[in-house]
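Here, residue 1 is the first one in the sequence, and each next residue gets the next number.
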Amino acid sequence: MDGVDLVVPEGTVLGLLGPNGAGKTTTVRILTTLLRPDGGSARVAGFDVVTQSQDVRRSIGLSGQYAAVDENLTGWENLYMFGRSVRAAQGAGQDPGGRAAGPVRPRPTPPGRTIKTYSGGMRRRLDLAAALIGRPNLLFLDEPTTGLDPRSRLAMWDVIRSLVAEGTTLLLTTQYLEEADELADIIAVVDTGRIIAKGTADELKAQVGGERIELVVRDRGEMERARGLLGEMTSDVTLEEHTRRLTAGSSGGAQQLVEVVRRFGEEGIAVDDIALRRPTLDDVFLTLTGHHTVEESVEESA
């Protein structure tokens with residue numbers, strides 16, 4: 001880490017966005033007392049992570065990058081074990097899948113079914129349920145939807161929204177731009193161990209600039225003519241030859257898009273797709289760092 005400075009207001013979601021190896025998991029491990037920092041200071045729920053580590057652990061819930069469940073136990077046995085380990089309320093041991101898990105009540109499974117037979121989505125839900133035992137007000141989720149199918153990812157988003165609606169403060173790390181856009185109140189972009197930008201999704205997108213027109217030319221042989229025609233009406237035209245996609249800056253919004261459609265029709269240049277698009281968080285990251293968030297780098301240690 002290189003001078004990371006974060007403040008998460010109570011009752012909000014901070015999204016920590018960045019590629020593999022950027023320092024997201026290292027930050028979470030320090031804040032959850034799993035890794036002792038070499039320098040600097042950090043306070044979680046009012047407690048120092050070094051000198052008051054036990055108080056920090058009593059105040060938080062953590063769902064790490066990999067589901068921390070015992071594959072040889074059933075789901076209920078895992079929750080009961082976690083409940084005992086954190087000295088949950090007396091009722092939690094009797095019904096750990098209900099009172100402890102709250103909005104992430106695991107789906108019913110046949111008696112005796114062990115975790116080794118669970119799908120990835122079921123494991124993640126169980127791991128999140130375990131993190132909620134004791135009803136922590138502050139929750140750390142380290143890439144909670146990595147490896148999930150689209151349906152399971154959407155279901156996990158619903159769970160996270162439910163927790164936030166109940167007043168939970170959340171630090172969420174993710175590689176998924178859409179996930180940060182959907183869930184986070186404030187987004188901190190991290191790269192090579194540094195916070196390089198911070199703000200709401202709209203504030204970060206505003207750094208990139210205005211809207212842009214994107215179109216896909218049907219005939220590959222018409223690409224250069226299409227680029228010249230688009231350049232007469234817009235600015236900063238770029239061409240991706242392998243996808244036949246033209247992208248240009250737009251200062252006229254929808255009216256300019258209508259004009260482009262009209263001119264291309266008059267010139268007989270067919271297009272397969274055309275749209276007016278706002279900047280994305282990936283555009284933000286590309287502008288700030290020169291590479292996309294989905295690019296792989298050195299894996300962080302587990």
Side-chain angles (χ1 to χ4, degrees), residues 6 8 12-29 31-32 34 60-69 71 75 78-79 82 97 100-107 109 115-133 136 138-166 168-191 200-201 204 280-285 292-297 299-302:
L6 294 171
V8 186
T12 65
V13 180
L14 173 68
L16 201 57
L17 176 67
N20 289 338
K24 303 186 301 297
T25 295
T26 300
T27 300
V28 169
R29 292 179 68 190
L31 294 177
T32 56
L34 297 177
I60 66 172
L62 168 65
S63 181
Q65 245 179 52
Y66 306 100
V69 292
E71 293 193 344
N78 267 277
L79 290 178
F82 278 107
V104 286
R105 185 182 182 94
R107 294 176 180 175
T109 54
I115 303 303
K116 66 179 65 175
T117 66
Y118 280 24
S119 67
M122 292 172 66
R123 290 180 185 222
R124 293 304 293 174
R125 287 175 67 88
L126 180 65
D127 188 62
L128 182 54
L132 293 174
I133 290 178
L138 177 58
L139 185 62
F140 291 85
L141 300 182
D142 192 6
E143 299 187 12
T145 63
T146 297
L148 298 188
D149 60 72
R151 178 179 296 180
S152 297
R153 178 170 296 134
L154 291 175
M156 185 65 76
W157 287 2
D158 287 340
V159 169
I160 292 171
R161 291 189 184 101
S162 297
L163 293 171
V164 175
E166 293 177 0
T168 301
T169 303
L170 182 63
L171 189 150
L172 168 76
T173 78
T174 182
Q175 298 180 68
Y176 299 116
L177 304 151
E178 183 184 7
E179 187 162 271
D181 214 348
E182 284 283 336
L183 301 175
D185 297 303
I186 299 295
I187 297 171
V189 183
V190 60
D191 191 31
T200 66
L204 293 177
T280 65
L281 288 178
D282 201 18
D283 296 323
V284 172
F285 205 89
H292 293 274
T293 56
V294 294
E295 290 182 350
E296 296 290 329
S297 58
E299 285 284 348
E300 296 179 35
S301 58

Could you tell me whether the side chain of D185 and the main chain of V13 form a donor-acceptor pair under 3.5 Å? yes
Counting only N and O atoms by type, is there a donor-acceptor contact under 3.5 Å from the side chain of T173 to the main-chain atoms of E143?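 Here the side-chain-to-backbone pair exists.
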Any heavy-atom pair between the side chains of [Y] and [X] that's under 4.5 Å?
| X | Y | value |
| --- | --- | --- |
| I160 | L139 | no |
| Y176 | E182 | no |
| L126 | N78 | yes |
| L34 | L62 | yes |
| T168 | L132 | no |
| S63 | R124 | yes |

Closest heavy-atom contact between [X] and [Y]?
| X | Y | answer |
| --- | --- | --- |
| V159 | R125 | CG2-NH1, 4.0 Å |
| E179 | P144 | OE2-CD, 4.4 Å |
| A68 | F82 | O-CZ, 3.0 Å |

Could you walk me through whether L128 and L141 pass the side-chain contact (heavy atoms from CB on, under 4.5 Å) check? CA-CA 8 Å; L128 182 54; L141 300 182; 3.5 Å; yes
Applying the side chain to side chain contact (heavy atoms under 4.5 Å, CB included) criterion to L14, which one of L170, I187, T169, L6 satisfies it?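 The residue from L170, I187, T169, L6 that satisfies side chain to side chain contact (heavy atoms under 4.5 Å, CB included) with L14 turns out to be L6.
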NZ of K24 to CG of D191: how many Å apart, nearest 0.5 Å?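 Rounded to the nearest 0.5 Å, the NZ-CG separation comes out at 9.5 Å.
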